[in-house]
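Heads up, the thing below is written out as structure tokens.
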2 protein chains.
Amino acid sequence: MSALTNAIEILRCFSSARPDLSFADVMALTGKPKSSTSRLLRSLRDCGLLEQDPHTRRYRPGLLTFELGRLHRAHDDLISMAERELREVCARTGHTGYIAVLDGFEQVVLRIVPGSNPLRVVNPPGQRTPALATSNGRAMLARLSDEDIRARVPATYPKLPRNSPQNFKQLMARLDEIRRTGVSEAADESIEGVGSQGFALKSGETGEMIGIAVSYSVQATTAAERANVRRELAAMAAKLRRLTGDPLDQDTARIQTGTR
Amino acid sequence: MSALTNAIEILRCFSSARPDLSFADVMALTGKPKSSTSRLLRSLRDCGLLEQDPHTRRYRPGLLTFELGRLHRAHDDLISMAERELREVCARTGHTGYIAVLDGFEQVVLRIVPGSNPLRVVNPPGQRTPALATSNGRAMLARLSDEDIRARVPATYPKLPRNSPQNFKQLMARLDEIRRTGVSEAADESIEGVGSQGFALKSGETGEMIGIAVSYSVQATTAAERANVRRELAAMAAKLRRLTGDPLDQDTARIQTGTR
DNA sequence: CAAGTCAGTTCCAAATTTCGGAACCGTGTC
DNA sequence: GACACGGTTCCGAAATTTGGAACTGACTTG
């Protein structure tokens, strides 16, 4: 195991649930001996990837991660194009918008567009959640091959909220439905009372994929309003797919013009 | 040289001026042989610290840096307290506010508070600039010991803008002035026509230090307005120093009450 | 106030990695 | 067909990492 692998293993211990860690935390989470942990933490701190609170002695991601994280944003094009469209939809509907990417079987929130409706933002950028339990996460999974999906889902199927697919078979059924209808919806999953609709966008040029969702309070929306969101999303998806050369665009076009 | 050192060396090649790099760029910037560069880039990409554009094949900071960078923000207290105060001053004066930290002889922008005056934001968060050429940078340096300052300034004094201190002696003279008067000002340095005033804030609890500045157009402000900014900053500095237990607070208090 | 905990540091020989030069390869371009 | 770019693979020598154990120094607790 290389020094870099070990370093990453430590860095991956940090999350929004655990934004800072003590020496003992790191030892417990990585299972590495004391001396190794000591050396590694010092290296990471010295190089700026970690910082240490002088008072509590706890470690947290460092200045370098802040700088590099800002640069990651620069990689725009697909994301900023989607964000622009999403902003308009959120302004019209008042709901909250999310853009996320897939990483393994989880998704990471990249951008959020707060809506005018007072539903507080629950997933700030950087947040990592199981993709299986969100509308845009499942929309992204639905665009992968079945083998790829199987490879991403952990050996032991994770424990998910009540309304999420509870096993691999249920998951595949939902993904098939998304593939057939092109609509991905979630309600009362990650957070009770919150629903969302989403879709996946794939750049024809680079092949990178993002998931776009609009989120709302289930109680505070009518079926008509949700249908409206569905229409808005379908229009946005069609426009973005055309703009980005999403391979799905051709399919949809063919179907609509009866070529197939 | 450890694998981690090499990895960091690569990561540090990225900057807002160079947000993405080709294989050849990395080789040239690090001076490492091809095989080492290849291995290292692959490791960094595989672990999420770098991403590779599938189309251009260029490398850029990866998803992991984005996630960790968001977590760095969590380390709030001192910064968010300062930001709150800065926000009020910027609202009152209409100017743009900056909060930065010192890293070696450079500073990194952490937060910016856009003003209502239409001076475009020139230093987005994550931006790295020589601390010697900014008002808050010099204010931070002024609070270090002379040996510490000497250790931070590179062996060959850097080439700085016209109005910045041009050599070590000039620098020390300006820092002494800041120490005497408590006021740090800059005009026409990093950017022509832009001036700023700043101060350094040090937490009495953790010892961490940040630099706070208000920036404005030199042409568009009168001497009276600049004096007003000076007063606003002095008031903010006094309040924040009291709130954070800045060691300077005791000194100032002692002087003001004539204890010394 | 002795004992214990937390957060490290230092040491060392053994085990593992890394290093860099060279050869090779696939794609795109002149 | 040659050349450049952007890599990958191979290999032995050289350097680094590893983990157990012993040791510190600051706090806390019984």
Side-chain angles (χ1 to χ4, degrees), chain A residues 1-14 18-62 71 74-75 203-208 245, chain B residues 1-14 18-62 71 74-75 77 203-208 245 247:
Chain A
M1 208 184 228
S2 75
L4 186 60
T5 317
N6 287 318
I8 296 303
E9 198 186 349
I10 290 186
L11 291 180
R12 290 216 181 265
C13 293
F14 293 89
R18 283 197 230 92
D20 61 351
L21 297 171
S22 69
F23 187 93
D25 291 339
V26 175
M27 262 183 70
L29 286 164
T30 60
K32 288 266 176 289
K34 225 174 168 184
S35 52
S36 309
T37 307
S38 172
R39 268 190 308 256
L40 218 30
L41 281 176
R42 179 160 32 151
S43 309
L44 288 169
R45 166 158 47 85
D46 290 350
C47 75
L49 241 25
L50 290 184
E51 284 174 5
Q52 189 172 22
D53 187 303
H55 187 58
T56 66
R57 326 226 68 199
R58 292 173 74 82
Y59 297 86
R60 58 170 176 250
L71 292 179
H75 129 66
S203 162
E205 196 167 354
T206 68
E208 60 184 333
Chain B
M1 208 184 228
S2 75
L4 186 60
T5 318
N6 287 319
I8 296 303
E9 197 185 350
I10 290 186
L11 291 180
R12 290 214 181 265
C13 293
F14 294 89
R18 283 196 231 93
D20 62 351
L21 297 170
S22 70
F23 187 93
D25 291 339
V26 175
M27 263 183 69
L29 286 164
T30 60
K32 287 267 177 291
K34 225 175 167 186
S35 53
S36 307
T37 307
S38 173
R39 266 191 309 256
L40 220 27
L41 281 176
R42 180 161 31 150
S43 308
L44 287 169
R45 166 158 47 87
D46 290 350
C47 75
L49 241 25
L50 290 183
E51 284 175 5
Q52 189 173 21
D53 187 303
H55 188 56
T56 67
R57 325 225 68 198
R58 294 174 71 83
Y59 297 87
R60 60 173 175 247
L71 293 179
H75 129 65
D77 34 282
S203 161
E205 197 167 355
T206 68
E208 60 185 332

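Everything quoted here is computed from the prediction, not taken from an experiment. Protein chains get the first letters and strands the later ones, always in sequence-line order, with residue 1 at the start of each.
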| In whole angstroms, how far is the C1' atom of D/dG19 from the CE atom of A/Met27? | 11 Å
| Would you say D/dG7 has OP1 or OP2 under 4.0 Å from some side-chain N or O of B/Gln52? | yes
| 5'-most contact on DNA chain C: B/Lys32 or A/Tyr59, nearest heavy atom basis? | A/Tyr59
| query | Would you say D/dT8 has OP1 or OP2 under 4.0 Å from some side-chain N or O of B/Ser38? | reply | yes
| request: Using a cut-off of 6.0 Å, state whether more than 12 heavy atoms not belonging to B/Arg18 lie near its atom CZ. | output: no
| Under 3.5 Å donor-acceptor, B/Thr30 side chain and B/Val26 backbone | yes
| Atom CG of B/Asn6 to atom P of D/dA15: distance rounded to whole Å? | 14 Å
| query | With no hydrogens and no angle check, do the side chains of A/Asp25 and A/Ser22 hold a donor and an acceptor under 3.5 Å apart? | reply | yes
| query | Are OP1 or OP2 of C/dG21 and a side-chain N or O of B/Ser35 less than 4.0 angstrom apart? | reply | no
| message | With a 4.0 Å cutoff (strictly under), does any side-chain N or O of B/Arg39 reach OP1 or OP2 of D/dG6? | response | no
| task | Would you mind reading off the distance between A/Asp53 atom CG and C/dG8 atom C1', rounded to a whole angstrom? | result | 16 Å
| query | Side-chain N or O of B/Ser2 less than 4.0 angstrom from OP1 or OP2 on D/dT16? | reply | no
| message | Whole angstroms only, please: what is the CD-P distance between B/Glu9 and C/dT18? | response | 16 Å
| Is any side-chain nitrogen or oxygen of A/Arg57 closer than 4.0 Å to OP1 or OP2 of C/dG8? | yes
| field | Considering all heavy atoms, the nearest A/Tyr59-A/Leu41 contact | value | CE1-CD1, 3.6 Å
| message | Tell me the interatomic distance from A/Leu41, atom CG, to C/dT10, atom P, rounded to whole angstroms. | response | 15 Å
| note | Taken to the nearest whole Å, CZ/B/Phe23 to C1'/C/dG28 is 17 Å
| message | Tell me the interatomic distance from A/Ile10, atom CD1, to C/dG8, atom C1', rounded to whole angstroms. | response | 14 Å
| Closer to the 5' end of DNA chain C via nearest nucleotide, is it B/Leu40 or A/Ala24? | A/Ala24
| query | The side chain of B/Pro33 lies closest to which of these nucleotides: C/dC19, C/dG20, C/dA7? | reply | C/dG20
| message | Base of C/dG21, side chain of B/Lys34 - is there a donor-acceptor contact under 3.5 Å? | response | no
| said: Which heavy atom of B/Pro61 sits nearest to which heavy atom of A/Leu71, and what is that distance? | reply: CG-CB, 3.7 Å
| query | Atom CG of B/Leu50 and atom P of D/dG6: how far apart are they, to the nearest Å? | reply | 16 Å
| query | For A/Ser22, which contact category applies under a 4.0 Å heavy-atom criterion: base, sugar-phosphate, or nothing? | reply | sugar-phosphate
| task | Check every atom of D/dT8, D/dG19, C/dA7 against the side chain of A/Ser36 and return the nucleotide holding the closest atom. | result | D/dG19
